[in-house]
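What follows is a short report on a single structure.
We use all heavy atoms of the structure for the numbers below, so side chains are in, but hydrogens, waters and symmetry mates are not.
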Amino acid sequence: MFDFTFAISCVAVVLASGSFAATKRGLAFADTDNTGDIAVAYDTQVSWVYDWGSTAPSYLKDTDMTYVPMQWGEDNVDNFMAEVQAQNAKIILGFNEPDLSSQSNIAPVTAASLWVQYIQPLSAHGVRLGGPAVSSSPSGISWLSQFFGNCTECTIDFIPIHWYGDGLDNFEDYIESFYGKFSLPMWVTEFASTSSNVSEVEDFCTNAMTYLDDQNWIEGYAWFAFYRQGSGSYYNLLDVNGQPNTLGDIYLHGTN
C-alpha cells in the first residue's frame, strides 16, 4: 500500500543485530514529516521497525528497535547487498506489492531474475530473506505463485504479506491461505481494519495481535501505520500531537 516515493517521503524473530526479539511486533513508520514521533515507541512491546527503505535514516538508526531494510522496487537493486552489509543487517524484506501498477509493479519473471542476481547472494552471508510482499488484492497470491515458479532455486526464508479489510475471520482466513499454499513462515508487514468505527478497529487490533502471537509460523507483524491522525483516518496509532491514541496504546503496550 505504501508508496516509496512518499517515504523518501517457537516465536522469536531473528533481528538484524543477530539477537532475538522479545515480541514479534514491529512498526511501519510512515511519517517523514514528524520523525521525532518515533520516541513514543521506545521501551514498548515493539522490537523492530521499517520504513520501506533500504538504509536506516538517523531517526530510526539509534533506537531500541531493529531496523529492517527493504528493497522496494527495481531501482538501485544492484546496491542493495552493499547497503545491507554496511548496516550489518541480518534480515531483509523484498519488493513492495509488485503485483500492483501503483506500487513496485514488477513482473514475476523479472522479480525472480533480480532476486537471483542481487538478493539471493545475501543468504550466503547469513541474512534471512523475506520474499516479495504482495498486496491483498486478488492479484497477490497469483503473482507470488508465478514468482516461485520462476525462482525455483531461490532462498525465501519467510513470506511477508499485506492485508486491509474488515473482520477478524477474514484476516485469519487470508493469512492461512498463504501459509497453506506456500508452507513458509509468515510476516504480516502491513495490516489494518478498514472499518470507520473506532471501537471496531481497536477490538480488531487487540484480537488480531492475540491471533498473530499465538501462531508459531507467524514470525513478525506491523500494523499500518505509525503516523498521526489525518482526515478520514481510523487506523493511525498516533493523535494529532504525535502521542499514542487508544489504538496506539493497545498496539505499543498491549500484552497477550
Inset, instruction - Kindly indicate, with the supporting measurements, whether the criterion salt bridge (Lys or Arg N to Asp or Glu O under 4.0 Å) is fulfilled by D37 and R228. - result: CA-CA 9 Å; D37 289 353; R228 297 188 184 194; 2.8 Å; yes

Legend entry - salt_bridge(K181, E176) N-O dist < 4.0 Å: no

Inset, instruction - Kindly compute the distance separating OH (Y118) from CD (E74), expressed to the nearest 0.5 Å. - result: 10.5 Å

Legend entry - Atom pair OH (Y42) and CE (M65), whose distance is rounded to the nearest 0.5 Å: 6.0 Å

Legend entry - Sequence neighbours excluded - side chain to side chain donor-acceptor pair (under 3.5 Å) pairs with any residue from residues 193-205: S195-E200

Inset, instruction - Check whether the side chains of N170 and D173 place a donor and an acceptor atom closer than 3.5 Å, and report yes or no. - result: no

Legend entry - Shortest non-hydrogen separation from S139 to D99 and the atoms involved: OG-OD2, 2.7 Å

Legend entry - Steps toward ring-ring contact (aromatic ring centres under 6.0 Å, His included) verdict (F29, Y227): CA-CA 7 Å; F29 191 90; Y227 67 97; 9.9 Å; no

Legend entry - Pairs where residues 103-125 contributes a residue and the test salt bridge (Lys or Arg N to Asp or Glu O under 4.0 Å) is met, not counting sequence neighbours: none

Legend entry - Ring centers of F204, W163 separated by less than 6.0 Å: yes

Legend entry - Partners meeting salt bridge (charged side-chain N to carboxylate O under 4.0 Å, His left out) with D157 (sequence neighbours left out): none

Legend entry - Stepwise ring-ring contact (aromatic ring centres under 6.0 Å, His included) test for F191 and F224: CA-CA 5 Å; F191 75 105; F224 188 91; over 10 Å; no

